[in-house]
Undergrad: 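Please find one structure pasted underneath; my questions will follow.
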Number of protein chains: 2
Amino acid sequence: MKAGPDISRIAALVGDPARCNMLTALMTGRALTASELAQEAGITPQTASSHLAKLEAGGLIEPEKQGRHRYYRLSDPDVADVLEGLQGIAARAGHMRVRTGPKDPALRRARICYDHLAGDLGVQMLDSMKRQKLVRQSKQAIELTGEGKRFMAEELQIDADALTHPRRPVCKACLDWSERRHHLAGTLGAAMMDRFTALKWAARDATPGSRVVNFSRNGEKRFAALFGAGE
Amino acid sequence: MKAGPDISRIAALVGDPARCNMLTALMTGRALTASELAQEAGITPQTASSHLAKLEAGGLIEPEKQGRHRYYRLSDPDVADVLEGLQGIAARAGHMRVRTGPKDPALRRARICYDHLAGDLGVQMLDSMKRQKLVRQSKQAIELTGEGKRFMAEELQIDADALTHPRRPVCKACLDWSERRHHLAGTLGAAMMDRFTALKWAARDATPGSRVVNFSRNGEKRFAALFGAGE
DNA sequence: TTCATAGTTCGATGATAGCCGAAGCATCGC
DNA sequence: GCGATGCTTCGGCTATCATCGAACTATGAA
């Protein structure tokens, strides 16, 4: 009856709680084995195998065989974007899960969104970058300025010209579900997060499956010096 | 079990084909009635009612009651964004569908909504009236200004004070079916349509049951002079 | 070769949820 | 008032699909 691709098949894949748990577990950007995903979803390996086959057929995840293990990862950053968007809608509708642990405030402050920084600090960073005219935002597109390229090279040792990718933009606005504002995604967003990790300013929480990012005391200071809120 | 909003509930809502058809129909931005959405999805009104209740509970759509109709629209632009993202993923996975046909252009331009003018020209008229400060709109209530009363008396020979009615407001915002914006209902809306007919600016189409309104050449000119778009 | 681990396929089961017919409210037009 | 229309609720039918036990394949280690 309608034009356009068949959304409902894809959405139905995400609509199952077990599959959804697997997908959110993959949002950290890391690839996980079938068994790990089964445990993450709280189901038996047989059931997980069936789910993973469906997710793969739907183009949401991609397998990588390695010995007798099978690693799965999200097939595309767009998938992570859609999941983030769904989180935003779910949060607004007040459909939170019952388990609300001590991680919650930390999750709001700084977390991994696929492979880049999200949460309060992520939003603050993009805001500051716009104030410093390192990036220019028009509509949903974000562009790195000449000033921005210099900044990346001098302050963070990131070569912006090396970040171009065939299917992924260098800069992209990604809607934050806890804040309702944008943070920086794209290859630059990923490269900056990598750099923060390499500099030991921040590290992903050790808990498996956790999306929390912990900043060191020194890291927080250096981060604030570059992207402080009061800039 | 993870912290964070419950994505799967929301995704499951989109995951049903019938509900998904309704949502994509609403992606134009227009608000549609429950019956229209039922037809759009190819299901009976009973089933549609159940689906719409679920979508509303999930925060994906918002109702607007209007007489015996119930108009639904997407509750937030973010919802449309997520649907678009899903389309992208589905397109990449190769799940496509077929095409559909348009609607009657004359009906979209000018038609009768109960007893007042609706369609493109109806929306244009209310817009112009607001620009000329003939009416003041706060929320859904519309009020005729002193300037507006003078205008009605001088230009259209309508005595606004005579329009008060025990059970019906003088001015009311009525959601338009083809446009997604408001046009003017209430006793004033009806009186103005009556006046247009009496002045032979416009007439209802002769076809029995038709809701189309045909403007004469002269009528269109006079109408534009009072409520022109470029005002 | 033999055993252990990772992952899959198959079949049966059970619960969820979509669907419609019939009947019930609410609103509009006369 | 009356009937017509838009929408909802209720009850029962049916199909789909997630789930797991058991058995099977594939890789790696001893």
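The sequence lines fix the lettering, A, B, ..., with proteins before strands; numbering per chain opens at 1. In this text the structure is predicted, and so the values were computed from the model without any measurement.
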Undergrad: Expressed in angstrom and rounded to an integer, what is the separation of Arg68(B) atom CZ from dG6(D) atom C1'?
TA: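 Taking atom C1' of dG6(D) as the reference, CZ of Arg68(B) is at 7 Å.
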Undergrad: Return the value, rounded to whole Å, for the distance between atom OH of Tyr71(A) and atom C1' of dT27(D).
TA: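 Those two atoms, OH and C1', are 14 Å apart.
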Undergrad: Are Lys172(A) and Asp81(A) close enough for a salt bridge, meaning some N to O gap below 4.0 Å?
TA: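 A salt bridge is present here (some side-chain N lies under 4.0 Å from a carboxylate O).
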Undergrad: Using whole Å, report how far CD of Glu56(B) lies from C1' of dT8(D).
TA: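 Rounded to the whole Å, the gap is 13 Å.
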Undergrad: So Tyr72(B), base contact, sugar-phosphate only, or nothing? Heavy-atom distance under 4.0 Å.
TA: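 Sugar-phosphate only.
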Undergrad: With sequence neighbours excluded, what pairs up with Glu64(A) under the salt bridge (charged side-chain N to carboxylate O under 4.0 Å, His left out) test?
TA: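 Glu64(A) satisfies salt bridge (charged side-chain N to carboxylate O under 4.0 Å, His left out) with Arg73(A) only.
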Undergrad: Verify the neighbour count for atom CD of Gln39(A): are there more than 12 heavy atoms of other residues, nucleotides or ligands below 6.0 Å?
TA: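 12 or below, so no.
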Undergrad: Taking CG from Leu32(A) and P from dA6(C), how many angstroms apart are they, rounded to a whole number?
TA: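 Atom CG in Leu32(A) sits about 15 Å away from atom P in dA6(C).
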Undergrad: Mind telling me whether Phe227(B) and Phe151(B) have parallel, tilted or perpendicular rings, with 30° and 60° as the class edges?
TA: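 Tilted.
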Undergrad: Does a side chain donor of either Thr145(B) or Glu147(B) reach within less than 3.5 Å of an acceptor in the other side chain?
TA: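 No, no side-chain donor-acceptor contact under 3.5 Å.
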Undergrad: Can you classify the ring geometry of Phe215(B) versus Phe223(B) as parallel (below 30°), tilted (30 to 60°) or perpendicular (above 60°)?
TA: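 Perpendicular, since the angle between the ring planes exceeds 60°.
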Undergrad: Could you run through nucleotides 14-21 of chain D and give me one letter per nucleotide, 5' to 3': B if any protein heavy atom sits under 4.0 Å from the base, S if only the sugar-phosphate is that close, - if neither?
TA: ----SSBB
Undergrad: Is any side-chain N or O of Arg70(A) closer than 4.0 Å to OP1 or OP2 of dT8(C)?
TA: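 Answer yes for this pair, as a side-chain N or O of Arg70(A) is under 4.0 Å from OP1 or OP2.
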